[in-house]
Amino acid sequence: MRTTLSQEANHFRRFLPASGIRRIFDRAKEIEASGCPVLHLEIGRPDYSQPFGAVQSAQEAMDAGLVHYIANRGLPELREAMAEDIHASAGIDFDPGTEIIVTTGASEALSMVALALLGPGDEVIIPEPAWSHYRAVVQMAGATTVALSLAGAGRGFVLDPEELAKVITDKTRMIVLNTPGNPSGAVQPPDVLREVARLAMKHGIFVFSDEVYKDFVYEGEHVSIGAFMADSDRFIYVNSLSKSYAMTGWRIGYVAARAEVSDALNRIHQYLTVCGVAFAQKGAVQALRGPRRQEYLAGMRKAFQDRRRIWQDAWADCSGFQCAAPGGAFYLFPRIDYRDMNAREFCNFMLDEHQVAMVPGDVFGDAYDHHVRISFGRDLSTQEAAAERLIGVINAG
Ligand code: PLP
């Protein structure tokens, strides 16, 4: 007998649950609509200004008629600027003509990689806690996710290559790496990256390296795993202008890989979106090459550091809020001990009773049902008010 539409819809809801971050955001909006302001710590969006000249450049391009289809891979000058950026931050050279594609955000790059390289029978190792899209998209491609928990004793969400080696099988097709990471803010150190690269190359496994937070490293410099896989055709570099340039709505991402892989990705891209938004790409060139770029990035990094400091001071004497200071990105991922509540109960309670919106940790991995993700993307005064309210509630027990 044929399944009914409602059976199919139920199957789909189970298979692909709605985004846990959106669920909280929508609930927060409902509360706001009823006249109660909410402190937003749930959305991973920097509240910073647009980079100098980017808006003007996109507007001029639109006026000048850059409103039609462009090359599938994107504007050549943008790909060149991206190649320069990858060279500067990861020390690897990619050919803008054959190895770089401008995508509709890093999100499209993830879908392209999954559709081009994954299928039933393939396993993808995802160190958790992790951005929830990885799991969803890998499963949409029919492949199997293998969670590698980073919850292990006292490592501050740093990957243990020995644990990684234990979950590699002959079906492992890809490892996802995201440093600095969402939601933990953890920065994977160079010796770990070197070892992950060695294992990947030894077993012929792709490394999907999501570096969207590379410009937010608070101690030392960002190191890409690509530095240890420069000539390997198994390395896939993904980035975006969403976080570094506060351009989430522009939907500009990029994926770089050796030519054969890049060609496969481009074929998927042609059928998914044809090309990215033409005039937005002109503005993106300005963001990447603008004269005040370094100043802009340093300013944003400093703003995040100040917000991080607010939280560190606030949680110093709070035993119910256990957190490692994040080395990068703009998130905290504390374990919360409050009246035997799990993360969902605690997040609902804080939103409904105290108007503070946060994301429950189990959205980022099953092992984290007592953690919450706090984004410090919003301004300093939001962080001050939220830290006082949240820590006050936990301390009052
Ligand atoms: N990768 C990570 C780790 C993220 O946290 C996010 C957004 O939150 C993205 C990718 C999505 O980036 P984009 O806006 O470029 O699609």
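Predicted model only: the values in this text are computed from it and were never measured. Worth knowing before you read on, the calculation uses all heavy atoms, side chains too, and leaves out hydrogens, waters and symmetry mates. In each ligand, atom 1 is the first atom listed, and ligand 1 is the first ligand listed.
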Inset, instruction - Might you work through the salt bridge (charged side-chain N to carboxylate O under 4.0 Å, His left out) test for Asp352 and Arg27, ending with a clear yes or no? - result: CA-CA 9 Å; Asp352 291 339; Arg27 174 89 189 103; 3.0 Å; yes

Inset, instruction - Kindly say whether Pro96 contributes a backbone atom to a donor-acceptor pair with the side chain of Arg79 at under 3.5 angstrom? - result: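 The answer is yes, because a donor-acceptor pair under 3.5 Å joins these two groups.
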
Legend entry - Short side-chain to backbone donor-acceptor contact, Arg373 and Gly361, under 3.5 Å: no

Legend entry - Any donor-acceptor N or O pair under 3.5 Å, side chains Tyr213, Asn178: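 Looking only at side-chain atoms, Asn178 and Tyr213 do not form any donor-acceptor pair under 3.5 Å.
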
Inset, instruction - For Glu108 and Thr273, test the side chains for any donor-to-acceptor distance below 3.5 angstrom and give the result as yes or no. - result: yes

Distance dump, ligand 1 polar atoms to protein, N/O, under 3.5 Å:
{"residue": "ligand 1", "atom": "1 (N)", "partner": "Asp210", "partner atom": "OD2", "Å": "2.6"}
{"residue": "ligand 1", "atom": "5 (O)", "partner": "Asn182", "partner atom": "ND2", "Å": "2.7"}
{"residue": "ligand 1", "atom": "5 (O)", "partner": "Tyr213", "partner atom": "OH", "Å": "2.7"}
{"residue": "ligand 1", "atom": "8 (O)", "partner": "Lys243", "partner atom": "NZ", "Å": "2.8"}
{"residue": "ligand 1", "atom": "14 (O)", "partner": "Ser242", "partner atom": "OG", "Å": "2.7"}
{"residue": "ligand 1", "atom": "14 (O)", "partner": "Arg251", "partner atom": "NH1", "Å": "2.8"}
{"residue": "ligand 1", "atom": "15 (O)", "partner": "Ala106", "partner atom": "N", "Å": "2.7"}
{"residue": "ligand 1", "atom": "15 (O)", "partner": "Ser240", "partner atom": "OG", "Å": "2.6"}
{"residue": "ligand 1", "atom": "15 (O)", "partner": "Ser242", "partner atom": "OG", "Å": "3.2"}
{"residue": "ligand 1", "atom": "16 (O)", "partner": "Ala106", "partner atom": "N", "Å": "3.2"}
{"residue": "ligand 1", "atom": "16 (O)", "partner": "Ser107", "partner atom": "N", "Å": "3.0"}
{"residue": "ligand 1", "atom": "16 (O)", "partner": "Ser107", "partner atom": "OG", "Å": "2.6"}
{"residue": "ligand 1", "atom": "16 (O)", "partner": "Arg251", "partner atom": "NH2", "Å": "2.9"}

Legend entry - Flag side-chain contact, heavy atom, 4.5 Å: Leu390 against Trp311: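 With C-beta onward as the side chain, the pair touches.
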
